[in-house]
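Just so it is clear: chains get the letters A, B, ... in the order the sequence lines come, proteins before strands, and each one is counted from 1.
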Amino acid sequence: MTDNEAKLIDCFVQGLGIEAGLVTDDLTYNSVRQWDSVGHMALMTEIETVFDIMLDTEDIIGLSSVAKAKALLVKYGVAI
Amino acid sequence: MQTLEQLTRHFRRTPVFGSCVDLVPYAAEDAAAIVRLRNLPEVRYFMNQDGESTVATQDAWHHDYLERSGDLFWVVRNKAGATVGCNRLYNISTDSAEKGSQIVDPEYGRSSPIALEADMLAMKLAFNEFGVRTVIYRTREDNVKVQAMNARFGFREAGEEDLRGVRYFIYRLEREDFHPEAFDGIIAHWSGRSGRRHD
């Protein structure tokens with residue numbers, strides 16, 4: 001696991017308040033109670049702060065799984 | 001100390017300003033925007049709304065609304081001035097208030113914390129300005145998104161009722177369990193984000 005992948009997992013842990021073990025590529029929006037609309041805002045806050053990026057609106061809406069989060073970070077120049 | 005009637009009149013004239021959104025007192029010219037939101041299929045389902053809303057039905061509701069105290073209905077506007085939803089406090093008394101009728105335009109709902117801040121502003125008003133001890137909300141039994149959000153705010157289940165043949169759950173939030181500061185970081189981030197985007 002790369003440093004940035006570990007940071008991303010921690011974003012999910014901190015933003016959604018879930019155990020790290022739940023943060024797999026298959027984790028999707030609304031698949032756990034904690035990833036609701038408010039959790040999504042908290043998660044975006046964590047990702048933008050930790051990686052010092054500002055996501056486009058379409059990417060905020062499109063970030064609907066851990067796998068998509070990784071792909072989006074690559075798009076913003078973060079090596080995963 | 002102001003009476004309920006005085007407070008109602010005041011907050012029907014005075015917007016409640018937030019960081020990402022404002023609660024703007026409903027006015028007749030907002031009818032079409034609210035009708036559009038109320039007729040969204042998901043909204044009709046979760047509000048258990050039988051017929052189609054029209055400007056005429058909205059105007060009739062507005063007429064009755066102006067006759068009542070303890071009822072505040074707002075249009076939620078973002079900082080660019082767009083109507084992005086609505087929110088309401090009603091049945092406001094010296095002890096309690098109900099929140100409800102919240103709609104967030106799906107075009108905006110997942111790209112900024114509209115529902116979160118609109119509810120925080122309404123509940124701060126209820127607890128801090130009207131001085132209530134309890135805020136209540138009711139939601140359809142299968143409205144899990146709203147239930148999840150309100151569980152984060154500290155609401156606890158307090159019963160159920162049948163409304164036009166549909167089971168609704170009733171939730172209560174006591175003043176001592178209301179901790180809006182838990183969400184300040186999220187709202188501040190998104191507020192600053194908007195500012196940077198407009199630079």
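With chain A as partner, the option from B/G109, B/A151, B/S112 having the largest number of non-hydrogen pairs under 4.5 angstrom is B/S112. Counting heavy-atom pairs closer than 4.5 Å to chain A, the top residue among B/Q147, B/K145, B/M149 is B/M149.
When A/M44, A/E48, A/E46 are each tested for a side chain to side chain contact (heavy atoms under 4.5 Å, CB included) with B/H189, only one passes: A/E48.
No continuous path of ILVMFWY side-chain contacts below 4.5 Å connects B/I103 to B/V24, so the two sit in separate hydrophobic clusters. B/V76 and B/Y90 are assigned to two separate hydrophobic clusters, defined by single-linkage of ILVMFWY side chains at heavy-atom distances under 4.5 Å. Hydrophobic clustering (side-chain heavy atoms under 4.5 Å, transitive across Ile, Leu, Val, Met, Phe, Trp, Tyr) keeps A/I61 apart from B/V104.
In this structure, chain B has heavy atoms under 4.5 Å from both the backbone and the side chain of A/Q34. Interface remark: B/A115 contributes no atoms to any contact with chain A (heavy atom separation under 4.5 Å). Proximity to chain B is absent for every atom of A/L43, based on heavy atoms less than 4.5 angstrom apart. Neither the backbone nor the side chain of A/D59 comes within less than 4.5 Å of any heavy atom of chain B.
Between the side chain of B/R193 and the backbone N or O of A/L55, at least one donor-acceptor pair lies under 3.5 Å.
To the nearest 0.5 Å, atom CD1 of residue B/I114 and atom CE of residue A/M41 are 8.5 Å apart.
Annotation for B/R175: atom CZ counts as buried by contact number, over 12 foreign heavy atoms lying within 6.0 Å. For A/D3, the CG atom counts as loosely surrounded, since its 6.0 Å shell holds 12 or fewer non-hydrogen atoms of other residues, nucleotides or ligands. Counted within 6.0 Å of CZ on B/R133, heavy atoms from surrounding residues, nucleotides or ligands total 12 or fewer; the atom is thus considered open. Counting heavy atoms of neighbouring residues, nucleotides and ligands inside a 6.0 Å radius, atom CD of B/E42 does not exceed 12 of them.
Heavy atoms only, all atoms of each residue included: B/I186 and A/A42 are closest at CD1-CB, 3.6 Å.
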